[in-house]
Undergrad: 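Handing you a structure now.
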Amino acid sequence: MNVLADLRRRFRAALESLDAGAGEVADMVLPSKDPKFGDYQANCAMPLGKRLGRPPREIAQELVDRLEVADLCEPPEIAGPGFINLRIRDDWLRDQLTQIVGDPNQGDPDRLGIVPTEEPKTYVLDFSSPNVAKPMHVGHIRSTVIGDALCRVLRQLGHRVISDNHIGDWGTQFGMIIYGYKHFADPQAIATDAVGELSRLYQRVNQLVDYHATREQKTPAIEQQIVELAARLEQMHDATELENPKDRKKADKRQRQSEGQLVDLRATLDNLRNQMAAAENDPELGPLLSQHADIGTAVLAETAALHAGDPTNQALWDQFLPACLASIDETYDRLHVTFDHSLGESFYHDRLAGVVEELVERDLARESEGAICVFLENDDAPFIIRKKDGAFLYATTDLATVQYRMAEWTPDAIIYVVDHRQSFHFKQLFETVKLWGYEGVQLEHVSFGTVLGEDGRPYKTRSGTAVGLTGLLDEAVERALKIVCDNDNARDVPLLSEEQRQSNAERIGIGAIKYADLAHNRTSDYVFSYDKMLAMNGNTAAYMQYSYARVRSIFGKGDIDVDSLRKSDAKLQLDHPSERALALALLQFSETLERVATDFRPNHLTAYLFELASAYSRFFENCPVLKAEDDQQRNSRLRLCDLTARTLAKGLDLLGIQVVERM
RNA sequence: GCGUCCGUAGCUCAAUUGGAUAGAGCACUGGUCUUCGGAACCAGGGGUUGGAGGUUCGAGUCCUCCCGGGCGUACCA
């Protein structure tokens, strides 16, 4: 049962009978924040009052008169400037929930009142997108976890979802591996641990490329900036005697800013020089630096050779790719994330030339400074689809990918779960795609913020490199294991076997990381903290898992057969306020999922689960279950417990998180 | 410079995209126990939503300016 959708439908009818075209404000029916305003509230009378030029309270009254909700609501109340407050009738709530608990017609214990969407769509969901050349790191968490959760929720609602992992298997990174293999490979290591060795090669080459880029480009550029800025500051001193106080203030500010920038630049320069010195003094790296002075261009040449079909490089690619993919799959197995397709960049490489050709032919792209570009309105920079050296880019691959997906699956929407730094790229991509002629498809950049360390800076290791994903998961599981063991050991009689402890720790640790990520509004940055995500209180996976285990333990303790419990067709009793509150929360699962799907925000679901767990907690405190007054009440409360457990488990499952039966 | 996102309680974050008295967790203070799982629950203090104007029945949310940050900005992905 989707209560919200039902109410909106009824309001729409009433609104349209009042004024043609007023139906659009039916979306202003919302769950109330505060119980004293009822369970739901309609805020449509105020905007309508303005449109019709009549007092909002009068409109509200007229709406209430036309509204047909007597079967599911108490008589609506009008409050304040024209709010319509709705309270769900207890008998209606009871009947709806009784049906969901038993779900007699569906026979599906997981349906839980979830109403399939009225308009099933086809979505292509593009997320995770790791690079084969380098190990997955903390930066891949959000895309992977959010993408997977959205995939599950959309499917649950009845949409057709095609998940596609657009793996980076054809870019400069692979050129680095090839270069590294040709110069630094240890054949022994390749034979025993290919992925580890390739990772080492990648890092080695990356260090060398970085060093030379720093030395030949970055450092001189910053030196240049410092000179310019210093010169500008000189001139500013002359301007301090301006007559107009406003101008003087402005000049002062600009001077302060420039001085600040100068300090920053000098610090950056020092930093770069230190890094270079560190590389030069490194006993392994140092001697290689001068031998590989042209490594930047050499790597690009290896990449270009691969793209051009060079047999040696192609053979190396064929040899290494499977091991790289297998290594990535290990991580996905651990995260329980799967994809329908993993069509990486390489899949599209023979389509790229055609894409550029077509855009040029259709006058959408043209040559500029040697590169082929799409010039879009109001953009400072063009969308470059072919470099002056003839190589293709990320942009070209993305265009070819859209073309393929449209031809293959004709989706209604393509959703990219990618961090916010790429929003300019997607803005350009989407505009180009529209110009290209794909007008009907919804293109959505579901962007997200950065994972920060406790210091508020992007989460890095002490040496400044990205934190590896495997290590991150390991540490979360390790910490979870310690908590699990400490707590279990503190019991009079420990509850868990050694195996259960291990498997619990895995579920709790991984769940903690996923949940922490999903619980934050995806558009904001968040601070990564093991202690917070593994806390037993608050909006965490561990608390949800604990809530679930606690509910389930009742059935063990009372020796209850859940199957026969579910077959009971006796009506539920919702006499205590906390029973009613729990029932209402349970009934709102369906509308919560709809909301997650509407704006692609899984944090609505985590917030819902936290509220549900809280509502259960109050119920559990106030309403004895096994020791209920009579069998009827006991039966009713047991079924509320059962539905709570199933809803918690299902909600977590839709977030890609597993529950544990005992913890 | 231009574009874009952000600034909410001591800390970490919400706020149904313009709705009623801005909510949670942690920390702090005080309470609940003959434990249906205490890894719990309840209550309290704590806010000029960075600042100043404006729009309107109503602003954390929209517009203008200011302060402070992040990110992006022609051939990386």
Side-chain angles (χ1 to χ4, degrees), chain A residues 4 27-28 30-34 36-37 41 43 46-47 49-50 55-56 79-83 85 129 131 168 171-173 253 345 368-373 378-389 391-395 397-398 418-425 427 447 449-450 452 454 456-458 483-484 486-488 490-491 495 519-521 523-527 529 531-532 535-540 542-543 546-547 549-554 556-558 591-592 595 598-599 601 603-604 606-607 610-611 614 617-618 620-628 637 641 662-663:
Chain A
L4 185 59
D27 283 352
M28 299 189 76
L30 300 163
S32 298
K33 270 182 193 162
D34 191 325
K36 77 172 175 231
F37 300 131
Q41 59 175 304
N43 305 332
M46 283 83 80
K50 168 158 285 184
F83 295 104
N85 293 335
S129 316
N131 225 298
T172 314
Q173 287 77 8
K253 185 189 155 191
E345 293 171 337
S368 168
E369 297 177 27
I372 307 292
C373 309
N378 303 326
D379 283 354
D380 292 337
F383 195 47
I384 300 177
I385 57 175
R386 202 183 77 187
K387 300 200 278 183
K388 63 181 168 200
D389 66 4
F392 303 110
L393 302 97
Y394 183 39
T397 315
D398 270 356
V418 181
D419 80 90
H420 75 278
R421 286 174 300 186
Q422 298 191 34
S423 54
F424 185 56
H425 166 76
K427 173 184 165 316
S447 70
T450 311
L452 306 174
E454 311 255 6
R457 316 270 318 155
I483 296 171
V484 167
D486 286 353
N487 284 309
D488 203 36
R491 288 189 169 97
L495 209 57
H520 290 95
N521 184 330
T523 57
S524 41
D525 299 345
Y526 75 91
V527 175
S529 159
D531 289 336
K532 289 211 167 76
M536 275 310 303
N537 266 338
N539 193 10
T540 67
Y543 179 68
Y546 170 71
S547 302
R550 214 163 54 135
V551 185
R552 294 286 298 161
S553 77
I554 289 184
K557 175 102 179 181
E591 66 192 47
T592 302
R595 208 175 140 209
T598 302
D599 49 12
R601 283 180 202 264
N603 67 311
H604 294 319
T606 59
F610 183 48
E611 272 167 36
S614 306
S617 214
R618 283 187 288 273
F620 183 72
E621 201 69 15
N622 291 309
C623 302
V625 178
L626 294 175
K627 296 174 190 166
R637 288 181 175 171
C641 290
R662 297 166 145 204
M663 68 185 278

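Quick note on labels: first sequence line is chain A, next is B, and so on, each numbered from 1.
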Undergrad: With the side chain counted from C-beta on, respond yes when A:Arg552 and A:Cys641 share a heavy-atom pair under 4.5 Å apart, and no when they do not.
TA: no
Undergrad: Using a heavy-atom cut-off of under 4.0 Å over every strand shown, decide if A:Ala628 touches base, sugar-phosphate, or nothing.
TA: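 If one applies the 4.0 Å heavy-atom cut-off, A:Ala628 turns out to touch nothing in the nucleic acid.
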Undergrad: In whole angstrom, give me the gap between the P atoms of B:A22 and B:G50.
TA: 15 Å
Undergrad: A:Thr523 and A:Asn521: side-chain donor and acceptor closer than 3.5 Å?
TA: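 Yes, a side-chain donor-acceptor pair sits under 3.5 Å.
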Undergrad: For A:Lys427, look at atom NZ and say whether over 12 heavy atoms of other residues, nucleotides or ligands are found less than 6.0 Å away.
TA: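 Enclosed.
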Undergrad: Suppose you measure atom P in B:A24 against the same atom in B:G70; what distance do you get, rounded to whole Å?
TA: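 Nearest-Å result for B:A24 against B:G70 at atom P: 33 Å.
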Undergrad: Would you indicate, yes or no, if B:G72 has its OP1 or OP2 atom less than 4.0 angstrom from a side-chain nitrogen or oxygen of A:Ser423?
TA: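 It does not, given that no N or O in the side chain of A:Ser423 lies less than 4.0 Å from OP1 or OP2 of B:G72.
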Undergrad: Which nucleotide sits closest to the side chain of A:Arg601: B:U17, B:G37, B:A14?
TA: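 Closest of the options to the side chain of A:Arg601: B:U17.
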Undergrad: Considering only the P atoms, how many Å lie between B:C57 and B:U48, rounded to the nearest integer?
TA: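 28 Å, rounded to whole Å.
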Undergrad: Which whole number of Å gives the distance between the C1' atom of B:U17 and that of B:A77?
TA: 32 Å
Undergrad: Is the ring centre of A:Phe83 under 5.5 Å from the base ring centre of B:G19, and are the two planes under 30° apart, so that they stack?
TA: no
Undergrad: Quick one, A:Phe620 and A:Ile554 - any side-chain contact, counting heavy atoms below 4.5 Å?
TA: yes
Undergrad: Are A:Arg552 and B:G37 close enough that a side-chain N or O sits under 4.0 Å from OP1 or OP2?
TA: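 No, because none of the side-chain N or O atoms of A:Arg552 sits under 4.0 Å from OP1 or OP2 of B:G37.
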Undergrad: Check every strand shown and say whether A:Lys36 touches a base, only sugar-phosphate, or nothing at a heavy-atom separation below 4.0 Å.
TA: base
Undergrad: Which is true for A:Asn487 with a 4.0 Å heavy-atom rule: it touches a base, it touches only sugar-phosphate, or it touches nothing?
TA: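 Base contact.
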Undergrad: Classify the nucleic acid contact of A:Pro56 as base, sugar-phosphate or nothing, counting any heavy atom under 4.0 Å across all strands shown.
TA: nothing
Undergrad: Is there side-chain contact between A:Asp599 and A:His604, with at least one heavy-atom pair below 4.5 Å?
TA: yes
Undergrad: Quick one: label A:Arg618 by what it contacts on the DNA or RNA (base, sugar-phosphate, nothing), any heavy atom closer than 4.0 Å.
TA: sugar-phosphate
Undergrad: What's A:Ala371 touching, base or sugar-phosphate or nothing? Going by heavy atoms closer than 4.0 Å.
TA: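 Touches a base.
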Undergrad: Within the 4.0 Å heavy-atom criterion, would you say A:Glu345 contacts the bases, only the backbone, or no part of the nucleic acid?
TA: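 Contact class for A:Glu345: sugar-phosphate only.
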Undergrad: Please report the distance separating the C1' of B:G38 from the corresponding atom of B:C5, rounded so that it comes out in whole Å.
TA: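 Roughly 44 Å separates the two C1' atoms.
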Undergrad: Using a heavy-atom cut-off of under 4.0 Å over every strand shown, decide if A:Asp379 touches base, sugar-phosphate, or nothing.
TA: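 Result for A:Asp379 = nothing.
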Undergrad: Taking B:C66 as the reference, what is the distance to B:G46 when you measure between their C1' atoms (whole Å, please)?
TA: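 The answer is 29 Å between these two C1' atoms.
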Undergrad: Rounded to whole angstroms, how far apart are NZ on A:Lys50 and P on B:G18?
TA: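 Between P of B:G18 and NZ of A:Lys50: 15 Å.
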Undergrad: Report the distance from atom CZ of A:Arg550 to atom P of B:C36, rounded to the nearest whole Å.
TA: 10 Å
Undergrad: Do A:His420 and A:Thr450 make a side-chain contact, defined as non-hydrogen atoms from C-beta onward lying under 4.5 Å apart?
TA: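 The answer is yes, as the side chains (C-beta and beyond) meet within the 4.5 Å cut-off.
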Undergrad: Return the nearest nucleotide to the side chain of A:Leu626; candidates are B:A40, B:C36, B:G37.
TA: B:C36
Undergrad: Is the shortest heavy-atom distance from the side chain of A:Tyr394 to the side chain of A:Gln422 under 4.5 Å?
TA: yes
Undergrad: Report the residue (A:Met46 or A:Ala391) whose heavy-atom-nearest nucleotide on RNA chain B is the more 5′ of the two.
TA: A:Met46
Undergrad: Identify whether any heavy atom of A:Phe424 sits under 4.0 Å from a base atom; if not, whether one sits that close to sugar-phosphate; answer base, sugar-phosphate or nothing.
TA: sugar-phosphate
Undergrad: B:G18 phosphate, OP1 or OP2: any side-chain N/O from A:Asn43 under 4.0 angstrom?
TA: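 No, A:Asn43 has no side-chain N/O under 4.0 Å of OP1/OP2 on B:G18.
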Undergrad: Remember a base hit wins even if backbone is also touched, and classify A:Asn85 as base, sugar-phosphate or nothing at under 4.0 Å, heavy atoms.
TA: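 Touches a base.
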Undergrad: How about CZ on A:Arg491, more than 12 heavy atoms from neighbouring residues, nucleotides or ligands closer than 6.0 Å, or not?
TA: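 Correct, the count exceeds 12.
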Undergrad: Mapping A:Arg457 and A:Ile483 to their closest nucleotides on RNA chain B, which lands nearer the 5' end?
TA: A:Ile483
Undergrad: For B:U64 and B:C28, measure between their P atoms and round to the nearest Å.
TA: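 Rounded to whole Å, the distance is 44 Å.
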Undergrad: Would you say A:Ser524 places a side-chain N or O within less than 4.0 Å of OP1 or OP2 belonging to B:A14?
TA: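 Result: yes.
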Undergrad: Does a side-chain N or O from A:Tyr543 land closer than 4.0 Å to OP1 or OP2 of B:C41, or not?
TA: yes
Undergrad: Checking contacts here: which listed nucleotide (B:G37, B:U16, B:A77) is nearest the side-chain heavy atoms of A:Pro31?
TA: B:U16
Undergrad: Paired with B:A24: which nucleotide, if any, by Watson-Crick or G-U wobble criteria at under 3.5 Å for both distances?
TA: B:U12
Undergrad: Where the side chain of A:Arg421 is concerned, which of B:A74, B:G19, B:C71 is the nearest nucleotide?
TA: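 Given the options B:A74, B:G19, B:C71, the side chain of A:Arg421 is closest to B:C71.
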Undergrad: Within the structure shown, what part of the strands sits under 4.0 Å from A:Arg491 by heavy-atom distance: base, sugar-phosphate, or nothing?
TA: base
Undergrad: Among the nucleotides B:G38, B:C13, B:A20, which one has an atom lying closest to any side-chain atom of A:Phe37?
TA: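 My answer, after comparing the listed nucleotides, is B:A20.
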Undergrad: Ring-plane angle category for A:His425 and A:Phe383, please: parallel below 30°, perpendicular beyond 60°, tilted otherwise.
TA: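 Tilted, since the angle between the ring planes falls between 30° and 60°.
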Undergrad: B:G72 pairs with which nucleotide, Watson-Crick or G-U wobble, both distances below 3.5 Å?
TA: B:C2
Undergrad: Reckon A:Lys532 has a side-chain N or O less than 4.0 Å from the OP1 or OP2 of B:C13?
TA: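 Indeed not, no polar side-chain atom of A:Lys532 lies that close.
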Undergrad: Of the listed nucleotides (B:C2, B:U16, B:A74), which one gets closest to any side-chain atom of A:Ile384?
TA: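 Of the options given, the side chain of A:Ile384 lies nearest B:A74.
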Undergrad: In the structure shown, which nucleotide is the Watson-Crick or G-U wobble counterpart of B:C41, with both distances under 3.5 Å?
TA: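 Check on B:C41: paired to B:G31, both distances under 3.5 Å.
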Undergrad: Just to confirm, is there a sub-4.0 Å distance from OP1 or OP2 of B:C36 to any side-chain nitrogen or oxygen of A:Lys627?
TA: yes
Undergrad: I want to check one thing: is the phosphate of B:C13, taken as OP1 and OP2, less than 4.0 Å away from some side-chain N or O of A:Asn539?
TA: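 False: A:Asn539 side-chain N/O out of range (4.0 Å or more) of B:C13 OP1/OP2.
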Undergrad: Side-chain N or O of A:Asn537 versus OP1/OP2 of B:C26: is the shortest distance under 4.0 Å?
TA: yes
Undergrad: Of the nucleotides B:C76, B:A74, B:A15, which has the atom closest to the A:Leu393 side chain?
TA: B:C76
Undergrad: State whether the aromatic ring of A:Phe620 stacks on the base of B:C36, taking stacking to mean ring centres under 5.5 Å apart and ring planes under 30° to each other.
TA: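 One would call A:Phe620 stacked on the B:C36 base.
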Undergrad: Tell me whether the OP1 or OP2 atom of B:C6 has a side-chain N or O from A:Asn521 closer than 4.0 Å.
TA: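 So the side-chain polar atoms of A:Asn521 never come under 4.0 Å of the phosphate oxygens OP1 or OP2 of B:C6.
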Undergrad: Under 4.0 Å, counting only non-hydrogen atoms across every strand here, what does A:Asp419 touch: a base, just sugar-phosphate, or nothing?
TA: nothing
Undergrad: Categorize A:Cys623 for me: base, sugar-phosphate, or nothing, with a 4.0 angstrom heavy-atom threshold over every strand shown.
TA: base
Undergrad: Counting side-chain heavy atoms from C-beta on, which of B:C41, B:U73, B:U17 comes nearest to A:Asp380?
TA: B:U73
Undergrad: Using a heavy-atom cut-off of under 4.0 Å over every strand shown, decide if A:Ala490 touches base, sugar-phosphate, or nothing.
TA: nothing
Undergrad: Mind checking the C1' distance from B:G47 to B:G10? Whole angstroms is fine.
TA: 12 Å
Undergrad: Using the side-chain heavy atoms of A:His520, tell me which of these nucleotides is nearest: B:A14, B:U16, B:A39.
TA: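 Closest of the options to the side chain of A:His520: B:A14.
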Undergrad: Heavy atoms, side chains only, cut-off 4.5 Å: are A:Glu591 and A:Pro31 in contact?
TA: yes
Undergrad: Pairing check on B:C65: which nucleotide meets the Watson-Crick or G-U wobble criteria with it, both distances under 3.5 Å?
TA: B:G51
